Number of protein chains: 2
Amino acid sequence: MRISELARRSGVPVGTVKYYLREELLPAGEPTSATQAQYGEEHVARLGLIRALLGTGGLSISTARAVLAAVDDPELSAHDMIGAAHSALPTMVGNERPDLGAAHAHLRRWGWQVHHDSPAVSVLAQALQALQAAGFDTPNALLDRYARAAHELGEQDVAEVPMDSPVEAVRFVVIGTLLLEPVLLSLRRLAQEDVSARRLFRWPDA
Amino acid sequence: MRISELARRSGVPVGTVKYYLREELLPAGEPTSATQAQYGEEHVARLGLIRALLGTGGLSISTARAVLAAVDDPELSAHDMIGAAHSALPTMVGNERPDLGAAHAHLRRWGWQVHHDSPAVSVLAQALQALQAAGFDTPNALLDRYARAAHELGEQDVAEVPMDSPVEAVRFVVIGTLLLEPVLLSLRRLAQEDVSARRLFRWPDA
DNA sequence: CATTATTAGCAAGTGGAACTATCTAATCAT
DNA sequence: ATGATTAGATAGTTCCACTTGCTAATAATG
C-alpha cells in the first residue's frame with residue numbers, strides 16, 4: 001500500500017500522514033525506491049491510535065510521541081510499566097510547581113503507596129489549589145468518596161491488564177488509562193443528569 | 001483598588017486583566033473617571049476562578065465565557081441548571097457527529113434518564129469510537145463498572161448541591177463538575193499506582 | 001517511448017488561540 | 001507642572017497542528 005491508499009484507508013490526509021512521519025509518530029514505510037515506500041495494516045492501525053490520542057485523548061504531538069514510544073518499547077519491564085506509562089502521560093501542569101503538602105496528606109490518610117514525585121501527585125495538588133483559588137471548598141469527606149471510587153476503578157484497571165505479553169500490557173495501560181478518561185468524565189456527567197432527573201430537582205419556587 | 005493593584009493581588013499581569021475585561025470574563029470596575037476604575041474583592045476572586053477554569057479546567061476563552069455567564073445568571077432555575085451547566089461545559093468534540101447508537105444502548109442498559117441529545121452523550125460516543133479506532137476492546141463488563149462508579153459519584157455530587165441559594169447552586173455545579181475532573185483523573189492514576197505497587201506487579205522474568 | 005500521476009522530503013505558509021506590547025489621550029499624585 | 005497611571009484600542013507575538021508548495025525521482029499508462 002502506498003501513501004495515498006494509506007491516507008484513504010485511515011481517513012487522514014496525505015499531508016498530515018507525512019507530518020506524522022516527520023514527527024515520528026508513525027514509523028516509516030518499507031522503502032522500495034528513492035521516492036516510494038510500502039505501508040501495511042499496522043500503519044493503518046497506528047494512524048487510528050494516533051488520531052485517538054491527539055483527538056479524544058487531547059494529547060499534544062510531543063506528548064503523543066512519548067506515549068507511543070512507551071507503547072513501542074519492548075524492554076519496558078513489569079511494574080515500572082505503569083510508572084513509565086504514567087510519566088509519559090500528560091500532566092497539563094505547565095506553570096510553577098504547586099504545593100504538594102495537601103495532596104500528600106490525603107494520600108497518607110488513604111494509605112496509598114505511590115511515588116512521592118509521581119506526576120499525578122502534582123496534578124492532584126494543582127487541581128486542589130485551583131479549587132481553592134476558585135473559592136470552592138473541598139472537605140475531606142468529599143475527597144474520600146472520590147478516592148474510594150477512583151480506587152475501585154484502579155483495581156479493576158490493573159486487574160484487567162493482560163499479563164501474558166509485556167507489549168500488549170503496555171498498550172493496554174497507556175491506551176486504557178488515557179482513552180478511558182473521557183469515558184469516565186462523560187459518564188459522571190450523565191450520571192449527574194440521571195440523578196437530578198430522578199429527583200425532579202426543583203427549587204421551592206423562588 | 002486600581003488595575004495595577006488588582007493585577008498584583010491576583011498574580012495576573014495587567015495586560016491580561018485588560019484582555020479578560022475585553023473578553024467579558026471579568027466584569028468592568030466602577031468607573032471613577034474617563035481613565036480610571038475601581039475594582040473590589042469580587043474581582044480578585046473572579047480572577048482566581050477565571051485562571052482555574054482556563055488553567056486546570058482546560059477551558060477555552062469562549063467556553064469560559066459561557067460557563068461564567070451561567071455562573072452569573074440568577075434566573076437559572078432548578079433542574080435546568082445542571083443541564084445548562086453541562087451544555088455550557090466543553091464537549092471537546094469539534095469534528096463530525098459520532099454514531100450515538102452504542103452510547104444510547106449502554107444508557108438504556110443502565111436505565112439512565114438523560115436527554116437524548118445531551119452533549120455528554122456525544123462525548124461518550126466519540127470516546128467509545130476512539131477506543132475502537134485505537135484497537136482497544138471495551139467489553140460491557142468494563143463499561144458497567146465504570147458506569148457504577150460514575151453513578152456513585154454523580155449521586156454524591158448532586159446530593160451536595162446547596163439547595164438554599166440558586167446562585168450558589170449554579171456555582172457549585174459548574175465549578176464542581178469542571179474542577180473536580182482533574183482531581184478524579186489524577187486519583188484514578190494514583191490508585192492504579194497504589195494497586196500495582198501493592199501487588200508487586202512483576203512479569204515471570206521474560 | 002512519451003506523457004501523466006504519484007511520491008519522498010523539505011521549506012514555508014496558514015489560521016486559531018491566548019496573550020503581550022505599544023500607543024494615545026485623559027487623569028491622578030505630589 | 002511634572003511624572004506616573006489608566007482606559008481603550010490596535011497591532012504584534014508565540015505556539016501549535018497542520019497545510020501548501022515545491023523539486024527531483026519514480027511509477028503507471030497508452
Side-chain angles (χ1 to χ4, degrees), chain A residues 1-40 43 46-47 49-68 90-96, chain B residues 1-40 43 47 49-68 90-96 130:
Chain A
M1 176 179 1
R2 293 181 298 175
I3 201 173
S4 56
E5 193 183 344
L6 175 61
R8 201 178 41 69
R9 288 273 309 277
S10 63
V12 179
V14 172
T16 308
V17 173
K18 287 184 175 185
Y19 173 62
Y20 293 158
L21 287 166
R22 249 177 288 140
E23 293 293 334
E24 301 188 335
L25 305 182
L26 185 67
E30 194 62 32
T32 62
S33 77
T35 65
Q36 221 91 14
Q38 280 293 316
Y39 303 91
H43 290 90
R46 178 67 160 236
L47 278 172
L49 175 54
I50 292 172
R51 297 303 306 231
L53 293 179
L54 294 181
T56 305
L59 301 196
S60 68
I61 295 285
S62 74
T63 307
R65 180 166 39 238
V67 168
L68 290 169
T91 30
M92 60 175 88
V93 173
N95 43 7
E96 325 94 67
Chain B
M1 167 176 14
R2 294 178 297 174
I3 201 172
S4 56
E5 192 182 347
L6 175 60
R8 201 178 42 69
R9 289 272 310 277
S10 62
V12 179
V14 172
T16 307
V17 173
K18 287 186 176 184
Y19 173 62
Y20 293 158
L21 287 167
R22 252 177 287 139
E23 294 293 331
E24 301 189 335
L25 304 182
L26 186 68
E30 196 62 33
T32 61
S33 79
T35 65
Q36 223 92 11
Q38 281 293 316
Y39 303 91
H43 290 91
L47 279 172
L49 175 55
I50 291 171
R51 301 259 43 181
L53 292 179
L54 295 182
T56 305
L59 301 197
S60 68
I61 295 284
S62 74
T63 308
R65 179 167 40 236
V67 168
L68 290 168
T91 31
M92 59 178 86
V93 174
N95 42 8
E96 327 95 64

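Keep in mind the model is a prediction, meaning the values are calculated, not measured. Residue numbering restarts at 1 for every chain, and letters A, B, ... go by the order of the sequence lines.
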- Query: In whole Å, what is the span from the NE2 atom of A/His43 to the P atom of C/dA8?
  - Reply: 11 Å
- Among D/dT5, D/dC18, D/dA25, which is the nearest nucleotide to the side chain of B/Ser4? D/dT5
- Query: Any side-chain N or O of B/Tyr20 less than 4.0 Å from the OP1 or OP2 oxygen of C/dT20?
  - Reply: no
- Per nearest nucleotide of DNA chain D, the residue lying toward the 5' end, A/Lys18 or A/Gln36, is A/Lys18
- Message: Counting the atoms with a prime plus P, OP1 and OP2 as sugar-phosphate, which does B/Leu21 contact under 4.0 Å by heavy atoms, base, sugar-phosphate, or nothing?
- Response: nothing
- With respect to the phosphate group of C/dC19, does any side-chain polar atom (N or O) of B/Arg51 fall under 4.0 Å of OP1 or OP2? yes
- Out of C/dA8, D/dA17, D/dT5, which has the shortest distance to the side chain of A/Tyr39? C/dA8
- Message: Does B/Glu23, at its CD atom, have more than 12 non-hydrogen atoms belonging to other residues, nucleotides or ligands within less than 6.0 Å?
- Response: yes
- Item | Nucleotide of D/dT26, C/dT27, D/dA27 approaching A/Arg2 most closely (side-chain heavy atoms) | D/dA27
- Distance, rounded to the nearest Å, where B/Tyr19 contributes OH and C/dA17 contributes C1': 7 Å
- Query: Under a 4.0 Å N-O cut-off, is there an ion pair linking B/Arg2 with B/Glu5?
  - Reply: no
- Query: How is B/Ser60 classified with respect to the nucleic acid when contacts are heavy atoms under 4.0 Å: base, sugar-phosphate, or nothing?
  - Reply: sugar-phosphate
- Message: Quick check on D/dT26: is either OP1 or OP2 less than 4.0 Å from any side-chain nitrogen or oxygen of A/Thr32?
- Response: no
- Item | Nearest-Å distance for atom pair CD/C1', residues B/Gln38 and C/dC28 | 12 Å
- Message: Measure CD1/B/Ile3 against P/C/dC28 and give the value in whole Å, please.
- Response: 16 Å
- Item | A/Arg46, A/Arg51, A/Arg65 screened by side chain to side chain contact (heavy atoms under 4.5 Å, CB included) with A/Tyr20, the one that passes | A/Arg51
- Item | B/Thr16 side-chain N/O to C/dT20 phosphate OP1/OP2 under 4.0 Å | yes
- Of C/dA25, C/dA21, D/dT26, the nucleotide closest to the side chain of A/Ser33 is D/dT26
- Message: Quick check for you: among D/dA25, D/dC18, C/dC19, whose closest atom lies nearest to any side-chain atom of A/Leu54?
- Response: D/dC18
- How many Å lie between CG on A/Leu25 and C1' on D/dC18, as a whole number? 12 Å
- Item | Exercise: identify the closest heavy-atom pair between B/Ala37 and B/Gly29 | CB-C, 4.1 Å
- Please check if atom CD in A/Glu24 has more than 12 non-hydrogen atoms from other residues, nucleotides or ligands closer than 6.0 Å. no
- Query: Just checking B/Arg8: base, sugar-phosphate only, or nothing, at a heavy-atom cut-off of under 4.0 Å?
  - Reply: nothing
- Find which nucleotide of DNA chain C each of B/Arg22 and A/Glu5 is nearest to by heavy atoms, and output the residue with the more 5' nucleotide. A/Glu5
- Rounding to a whole Å, what distance do you find between A/Glu23:CD and C/dC10:C1'? 13 Å
